[in-house]
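Per chain, numbering begins at 1; letters A, B, ... match sequence-line order. Quick caveat, the model's predicted, so the values are computed rather than measured.
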Amino acid sequence: MNEQVEKIISAGIDIGTSTTKLVISELSLRNVAGGGQVPKIEITDKKILYRSPIFRTPLLSDTVIDIPAIHRLVENEYSYAGITMEHIQTGAVIITGETATKQNAEEMVHQLSQAAGEFLVAAAGPDLEGIIAAKGSGAYQHSIETRKTIANIDIGGGTANIAVYRTGILCGTCTLNIGGRLVEWEGKKMKVAPSIRKWLKSIGYSPFNADGAMIANEMAKVLSRFLADSFTKEDELLLVGKAPSWTGRIDGLMFSGGVSDCIYHEERVDKSFQDIGMMLATSIKENEELAAWEWEHPTETVRATVLGAGSHTTEISGATIEVNDSHLPIRNIPVYRLDFEGVLENGIERLKQSVQEAITIYDALQEGLNFAFYLTNLPYLSFRDIQLLVATFTEALKQKPDQQQPLIIVMDSDYGKVLGQTFMANRPEMPVICIDQTQVEHGDYLDIGRLLQTGVVPVVVKTLTFHN
Amino acid sequence: MGMNDPYNKEELDALKANTPARIGVGRAGTRPKTDSWLKFRFDHAAAVDAVYGEVSEILLKRLNLFKVKTRAGDKEVYLRRPDYGRKLSDEAKRMIEAKCIKNPTVQIIISDGLSAKAIEDNVEDVYLSFKQSLAGAKLDTGTPFYIEKGRVAVMDDIGEILRPKVIVLLIGERPGLVSAESLSAYICYKPCLGTIEAERMVISNIHKGGIPPVEAGAHLGTVIQKILKYQASGMSLVKKENEEEMSAESV
């Protein structure tokens, strides 16, 4: 009925091993349902308002991030972009690669997510980085449009984050210690990062007198073997976390991250880095195994992750929801999954036990830490079913130590509003945040933003598992 | 059922998942396969049954609704003369006058329209959920009733008698070959004789395969609050909302 467009501002900040960058974008929300339909709000347009230059990540020492310098950098960039932190309604701060292991990384994320805007999520973790980069580089979109399986390989200073998408569905991720800054030169002296020393030795090189080009060549080979699922025991020494989790054939490769700039746009690259980055790009370009795949062109290279963080992490809830806005935003809420397996009685029988289990997992010390219930595989529900479900749920919730706490419910089906209203009718004093048409998984973490004019809330799902 | 040997089964399944329309059903020579043909005949018969069906007394009793009639005497007349379905019978007018609370904020009425099955299958869930939503918003409702063989504009006659602020008419939609049980909620601010169609609003496609009836009921409560806030419905509501937005921007 209403043709109006709502615009929200989203910020992405990526603090990587070598570089730090920031992107401000504007997301347009619009009702895409036809007249006479219940509204369906979607993000219909993403416009980049401002791209910062690529800064060197300010460090006080090898192990300490210069937090005040980061603050100054962000403040300066906001003023260049012509915005203040009050404008920012969603987005993500991401610490990637080696930077995440610095002594004060956690402190910085915490400070920045408070100081950089009303609603900014602090996220890290190699799997998520790969996913975000694949969205920012255009690999995700490309896999939908061409209906192919695309591997996005985001190579930065410290790590290569691979995410594989098949027609828009995430097949898996993998992170390798392959990056442009893992070997550096100070004058003539070569410095090899500790994370690759063991691997170097295993393939017969000494970390102290190896040849940079040879190391780069070996890295390209390892990468190709991981993509082809033919990696060796020695290759596994470069693995960060678990082995690749995708199955099946990969149709095309897309590269993003700083090193990819050296692959696609050699001419515009900052040559002042005294590291292995350029050599790694050359080795990847010349590797015969990698050449066997189709190479797809990314829409973003060095800024893929920051763009993904700024523009592609936010989803929109269903339009018919029931939320108590005074309790929003909420951040880092863990998700407990309640699978009804298509039968209402199944879920109802287990409700009491499930609430108890959720408390044991997420609020073990009974401190009143909140969590969200994800109701999935709900059958078709009549009004009487809803009443029964809410009555049983209300009873089960009495186990929660903090009864004043908002009840947070997320579901994939379309019952958010009626369920929320029924809870409010049953327990008027309990704040309810009940959103629908949102998919999460057990163990995911959720951020929910404030109610927008269009009646939806922005949702950021921090995926730790895979939707296979 | 379906194509024998599709070139790309995965892709065809993805397309099929996007629409309830009969795509990729295959063929035998130049004709549909027996299965698809029978399914088509079955769905067509269900549509005809929906039009000619009656809403049971049991349901009306359960929802505590009394029944009135329009000027359309039997089904054949009702189908040929839509104008008769828009007018209450004299007896109906007398009954409504006698039995109903006057000047309520929200008046709910229910009519079979072109699908008695829509009412049988879905109206109870929409109605109960809608009532809960209105109670939550502390809005009072009038005495609900059922109109047999009604059309949408019959609400104008009722507006004249009861003078509610808003009328919500839950009515069976013209059945199609995908669903014969789809329900619509037509909403109008202060309907009366002479109300034009652009003042009415609709939420359609309420059924098990569309918008879940309980969720539609909950959503209706929100729509009513907006209508009451702007004292308008339909295009007038859109206009008033836009005006407010413009003045907010110019400030």
Side-chain angles (χ1 to χ4, degrees), chain A residues 1-7 31 33-40 144 146-149 166-169 248 318-323 378-390 411 413-428 432 434 436-437 451 453-455, chain B residues 8 10-11 14-15 63 121-137 173 182 184-187 198 200-223 226-227 233-235 237-242 244-246 248-249:
Chain A
M1 179 119 268
N2 221 322
E3 283 305 308
Q4 72 193 39
V5 179
E6 178 168 16
K7 291 179 174 170
N31 181 9
Q37 308 261 317
V38 167
K40 184 172 168 50
I144 295 175
T146 59
R147 311 206 64 85
K148 285 184 190 167
T149 305
R166 181 169 298 141
T167 62
I169 295 161
T320 55
I321 55 170
E322 195 63 53
V323 297
L378 279 167
Y380 172 79
L381 297 176
S382 72
F383 190 70
R384 288 175 215 287
D385 294 336
I386 299 263
Q387 297 284 331
L388 179 65
L389 174 60
V390 169
M411 68 195 85
S413 50
D414 187 13
Y415 292 106
K417 193 157 201 123
V418 65
L419 205 62
Q421 287 183 354
T422 308
F423 270 109
M424 284 159 69
N426 263 34
R427 288 265 316 266
V432 174
C434 192
D436 62 17
Q437 293 177 296
L451 195 63
Q453 277 162 20
T454 30
Chain B
N8 185 341
E10 226 169 81
E11 197 60 20
L15 288 172
L63 298 181
D121 287 6
N122 298 318
V123 91
E124 183 169 3
D125 288 324
V126 180
Y127 178 72
L128 294 175
S129 168
F130 181 35
K131 290 267 280 186
Q132 172 177 274
S133 185
L134 290 174
E173 281 175 22
S182 187
S184 277
Y186 279 85
I187 314 149
R200 291 188 231 281
M201 293 161 73
V202 63
I203 293 169
S204 64
N205 200 32
I206 306 170
H207 59 101
K208 292 183 181 69
I211 297 151
V214 282
E215 188 72 353
H219 175 59
L220 268 173
T222 312
V223 174
K226 195 159 132 188
I227 288 173
S233 57
M235 290 314 292
L237 175 65
V238 175
K239 206 172 142 215
K240 281 194 177 180
E241 265 190 293
N242 287 344
E244 188 185 79
E245 203 180 313
M246 300 280 259
E249 270 169 28

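Scanning both residues, A:Val418 and B:Ser129, for their nearest heavy atoms gives CG2-OG, 3.4 Å. Here the shortest heavy-atom pairing between A:Ser382 and B:Val214 reads C-CG1, 3.7 Å.
At least one side-chain heavy atom of A:Pro39 sits under 4.5 Å from a side-chain heavy atom of B:His219. Two residues are said to be in side-chain contact when any heavy atoms from C-beta on lie closer than 4.5 Å; B:Gln132 and A:Gln387 meet this criterion.
Considering CD1 of A:Ile386 and CD of B:Glu215, their distance stands at 8.0 Å, rounded to 0.5 Å. Atom-to-atom distance recorded for B:Thr222:OG1 and A:Ile321:CD1 is 10.5 Å, nearest 0.5 angstrom. Remark: A:Lys417 NZ to B:Ser133 OG distance equals 7.0 Å, nearest 0.5 Å.
Only the side chain of A:Tyr380 has a heavy atom closer than 4.5 Å to any heavy atom of chain B. Contact of B:Glu10 with chain A is not made at all, since no heavy-atom distance falls under 4.5 Å. The contact between B:Ala14 and chain A is made entirely by side chain atoms (from C-beta outward), counting heavy-atom distances below 4.5 Å. Looking at A:Asp436, only its side chain comes within 4.5 Å of chain B, counting heavy atoms on both sides. For A:Thr422, the parts lying near chain B are the backbone and the side chain together; criterion is any non-hydrogen pair under 4.5 Å.
Remark: B:Glu11 CD is packed, more than 12 non-hydrogen atoms of other residues, nucleotides or ligands lying under 6.0 Å away.
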